[in-house]
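For the numbers below, each heavy atom of this structure counts, side chains included, while hydrogens, waters and symmetry mates do not. In this text the structure is predicted, and so the values were computed from the model without any measurement. Lettering follows sequence order; numbering is per chain, from 1.
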Amino acid sequence: MADATWTLASWNVNSIKVRAPQVADWLGERRPDVLALQELKVTEAAFPREAFEELGYRVLVHGQKTWNGVAILSRGEAEEVRRTLPGMEDDPQARFLAARVDGVLVVDVYVPNGQAVGTDKYDYKLRWLDALARWFEEELDPAEPIALLGDFNIAPDERDLWDPEAFRGEVLFSEPERAALRRLIDWGLSDVFRRFHEDGGHYSWWDYRQAAFRRNMGARIDLILVTSPLLERALSAEIDRAPRKLPRPSDHAPVLATFRRP
DNA sequence: ATGGTCGTCTAACGA
């Protein structure tokens with residue numbers, strides 16, 4: 001059936017082995033055209049692809065054992081574009097997957113968490129973000145329909161954190177990370193959620209500890225960034241908190257954006 | 001109170 005709308009979604013599932021039934025249920029309910037997954041924590045061979053293929057989704061996986069891992073599920077045909085960032089081909093961490101779906105370049109990212117400012121992991125996060133921005137600047141065109149989505153592990157501004165003063169200068173909200181995100185925005189990407197919602201208090205991640213979800217102590221770090229050909233077609237954006245309320249949830253909620261069909 | 005909770009594997013470590 002030729003739907004008039006086209007929906008992109010992103011979800012950090014924190015283990016696809018644990019979360020596959022929840023993801024399959026959610027796909028059956030919401031039927032996004034594309035779902036970008038992060039934190040699979042499985043190899044490509046161990047990815048439970050049948051659960052999603054039965055629902056009519058094609059499956060592209062860039063996985064690894066134990067950590068990281070990203071996948072793109074799509075109702076339409078997906079042509080893999082690349083699975084490593086230029087300049088980071090030797091990086092063993094599976095955090096990147098780009099594919100063309102329905103004429104849109106879909107770039108799924110699991111940006112390094114960074115642990116804490118000043119650590120080796122933080123330096124790796126900044127290097128990884130620099131390589132990502134450089135790829136966009138040197139090889140891509142903001143006049144093309146491109147969606148960069150996933151877990152950025154960066155809160156764009158004060159509205160995106162439950163306690164911005166506690167996080168100022170810390171990982172998720174330090175100035176170099178925010179500058180790296182602004183560099184992508186300045187290249188020609190827009191945060192679709194902010195096209196439709198201007199107020200704070202909308203989060204996509206809540207720590208498992210301290211009853212953080214119940215108290216809405218969270219951060220909006222899962223983003224859908226799009227170039228202007230897609231932004232002009234945007235109809236709505238949403239964070240779906242329902243799966244976060246289920247037993248054994250991921251610590252992240254899925255985020256969605258709907259467009260007139262490209 | 002410098003913790004708490006998950007998921008990886010079954011001891012710490014990453015988030």
Side-chain angles (χ1 to χ4, degrees), chain A residues 10-26 36-49 51 61-71 88 91-97 108-129 132 149-156 160-174 176-178 180-181 203-223 239-255:
Chain A
S10 175
W11 194 358
N12 177 322
V13 292
N14 187 18
S15 168
I16 194 61
K17 283 183 187 167
V18 172
R19 233 67 68 189
Q22 287 183 26
V23 174
D25 287 349
W26 189 82
L37 298 171
Q38 305 88 35
E39 267 204 280
L40 306 177
K41 298 185 172 179
V42 289
T43 60
E44 182 174 355
F47 185 93
R49 59 173 59 236
V61 179
H62 182 190
Q64 70 178 89
K65 188 174 157 60
T66 307
W67 306 115
N68 309 313
V70 291
M88 302 210 63
D91 185 356
Q93 301 194 32
R95 299 181 172 276
F96 177 92
L97 182 60
D108 180 10
V109 293
Y110 176 42
V111 175
N113 171 280
Q115 194 172 57
V117 173
T119 62
D120 289 347
K121 291 188 174 71
Y122 179 81
D123 293 341
Y124 167 67
K125 180 180 196 173
L126 294 183
R127 281 202 313 280
W128 200 95
L129 286 163
L132 180 65
L149 76 172
D151 178 357
F152 284 74
N153 273 312
I154 303 169
D160 301 312
L161 276 170
W162 69 276
D163 188 351
E165 295 320 313
F167 275 88
R168 196 172 299 281
E170 305 293 333
V171 76
L172 303 189
F173 202 52
S174 71
E177 296 167 68
R178 297 174 68 198
L181 181 59
Y203 307 131
S204 65
W205 167 82
W206 303 261
D207 199 291
Y208 284 121
R209 296 165 286 189
Q210 294 182 293
F213 180 65
R214 182 176 57 72
R215 301 158 74 188
N216 201 29
M217 295 162 58
R220 194 176 67 91
I221 57 178
D222 299 271
L223 308 175
I239 301 170
D240 186 357
R241 295 160 58 100
R244 188 64 176 80
K245 301 172 183 172
L246 296 172
R248 276 196 104 182
S250 168
D251 45 351
H252 295 250
V255 300

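- No side-chain heavy atom of Phe152(A) sits under 4.5 Å from any side-chain heavy atom of Asp222(A).
- Rounded to whole Å, the separation between the C1' atoms of dG4(B) and dA15(B) comes to 14 Å.
- Whole-Å rounding puts the Trp206(A) CH2 to dC6(B) P distance at 16 Å.
- Applying the side chain to side chain donor-acceptor pair (under 3.5 Å) test to Trp26(A) and every residue at least two apart in sequence or in another chain returns Asp240(A).
- Using a 4.5 Å cut-off on side-chain heavy atoms (C-beta onward), Leu129(A) and Ile154(A) make contact.
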Table of protein N/O atoms under 3.5 Å from nucleotides 12-15 of chain B N/O atoms:
| residue | atom | partner | partner atom | Å |
| --- | --- | --- | --- | --- |
| dG14(B) | OP1 | Lys121(A) | NZ | 3.3 |

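- Residues Tyr208(A) and Asn14(A) form a side-chain contact, since some pair of their non-hydrogen atoms from C-beta on lies under 4.5 Å apart.
- With rounding to whole Å, Arg248(A) atom CZ is found 15 Å from dT5(B) atom P.
- Annotation: dT10(B) and dC6(B) have their C1' atoms spaced 15 Å apart (nearest Å).
- Checking the phosphate oxygens (OP1, OP2) of dG7(B), no side-chain nitrogen or oxygen of Thr66(A) falls inside 4.0 Å.
- Classified by interplanar angle (parallel below 30°, tilted 30° to 60°, perpendicular above 60°), the ring pair Phe167(A)/Trp162(A) is perpendicular.
- Here Phe96(A) pairs with Trp135(A) under the ring pair (Phe, Tyr, Trp, His ring centres under 6.0 Å) rule; sequence neighbours left out.
- One interatomic measurement links the two molecules: CD of Gln210(A) to C1' of dA1(B), which rounds to 11 Å at whole-angstrom precision.
- Rounded to the nearest Å, the gap between the P atom of dG14(B) and that of dG3(B) is 16 Å.
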